[in-house]
Amino acid sequence: MAFHDIRFPANLSRGSVGGPERRTEIVTLTNGYEERNSAWAHSRRRYDAGVGLRSLDDVAAVIAFFEARGGQLHAFRWKDWADYKSCAPSRAVAAGDQVIGRGDGRTVSFALSKLYASGPASYRRPVVKPVVGTVKVALGGVEKIETIDFDVDLATGVVTFADAPVMDAPVTAGFEFDVPVRFDTDRIAVSVSSFQAGDVPQVPVVEVRL
């Protein structure tokens, strides 16, 4: 089992259906009240790649990708067109999009993450697969230069500075990112006649923990 650092064809994932999933345990008490507990600290995303297929050439591309990954065996990158930036989809990525830490004069490495906030509640999502060439970082509002001031590990989403940020300096970042996923089936069934009639195959993929 391994992670293949290759992205599922983005033109095919663009038409997919999917999003975050939570695992919530609910117990209804005898008095009618409920006790609810979240079994997962982080959400997990699921998608159906079959919805984005428009031609038999698209089907051939998916089958080739599926075979090269060994079905469910190897994970890969997936672009979630509804949520792939550190900012709103309509905005351009900027170095001040997300606060990923504060300097203490010693720490040099900071993990990328994205904050989802609504009212008083919020959730911080780890970002482990940033897209090459898209990561922007700033210290105290001053943008830094990649390979000179900092490096980013594209396999883990960790930013490492050449020098530790000074005490209380806000560390911010902007980036595009992919979701690590695997196929959630060992079988893809395609009928040429039914596909031409509009019946597309189901190609489920599911996020994996790395």
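This chain uses plain numbering: 1 for the first residue, then up along the sequence.
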Exercise for the section: Tell me, with the steps shown, if Phe76 and Val205 meet side-chain contact (heavy atoms from CB on, under 4.5 Å). Expected result: CA-CA 10 Å; Phe76 51 92; Val205 297; 4.1 Å; yes
Handout entry: Non-hydrogen atoms of Cys87 and Asp97 that approach each other most closely
Key = CB-OD2, 3.5 Å
Practice task
Could you tell me which non-hydrogen atom of Phe150 sits nearest to which non-hydrogen atom of Lys144, and how far apart they are?
Solution key: CE2-O, 3.7 Å
Do [X] and [Y] share a hydrophobic cluster, counting only Ile, Leu, Val, Met, Phe, Trp and Tyr and linking them when any side-chain heavy atoms are less than 4.5 Å apart?
X	Y	answer
Val137	Val131	no
Val127	Tyr47	no
Trp78	Ile63	yes
Val99	Phe110	no

Practice task
Let me see the working for Ser43 and Arg45 under side chain to side chain donor-acceptor pair (under 3.5 Å), right down to the final yes or no.
Solution key: CA-CA 7 Å; Ser43 56; Arg45 282 154 174 78; 2.9 Å; yes
May I ask you to check if [X] and [Y] form a cation-pi contact, with NZ or CZ under 6.0 angstrom from the six-membered ring centre and within 45° of the axis?
X	Y	value
Lys114	Tyr123	no
Arg69	Phe65	yes
Lys79	Tyr84	yes

Is it true that [X] and [Y] make a salt bridge, defined as a side-chain N closer than 4.0 Å to a carboxylate O?
X	Y	value
Glu21	Arg46	yes
Asp184	Arg182	yes
Lys129	Asp5	no

Looking at [X] and [Y], would you say the former's side chain and the latter's main chain have a donor-acceptor pair under 3.5 Å?
X	Y	value
Glu25	Ser38	no
His74	Ala2	yes
Thr172	Ala95	yes
Thr107	Ser109	no
Asp83	Asp80	no
Arg54	Val51	yes
Asp48	Val203	yes
Lys85	Val93	no
Thr134	Glu176	yes
Glu146	Asp151	no

Problem - Note, Val206 side chain near Arg44 side chain (heavy atom, < 4.5 Å) - result: yes
Distance check, rounded to the nearest 0.5 Å: [X] atom [atom1] versus [Y] atom [atom2]?
X	Y	atom1	atom2	value
Leu154	Arg77	CG	CZ	6.5 Å
Leu29	Glu34	CG	CD	8.5 Å
Leu139	Arg102	CG	CZ	11.0 Å

Handout entry: No-hydrogen, no-angle side-chain donor-acceptor test under 3.5 Å, Ser113 and Arg124
Key = yes
Handout entry: Mutual orientation of the aromatic rings belonging to Phe8 and Phe183 [parallel < 30°, tilted 30-60°, perpendicular > 60°]
Key =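 Correct class here is perpendicular.
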Problem - More than 12 heavy atoms of other groups within 6.0 Å of Asn11 CG - result: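 Buried by this count: over 12 neighbours within 6.0 Å.
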Handout entry: CZ/Arg209: more than 12 non-hydrogen atoms of other groups inside 6.0 Å
Key = yes
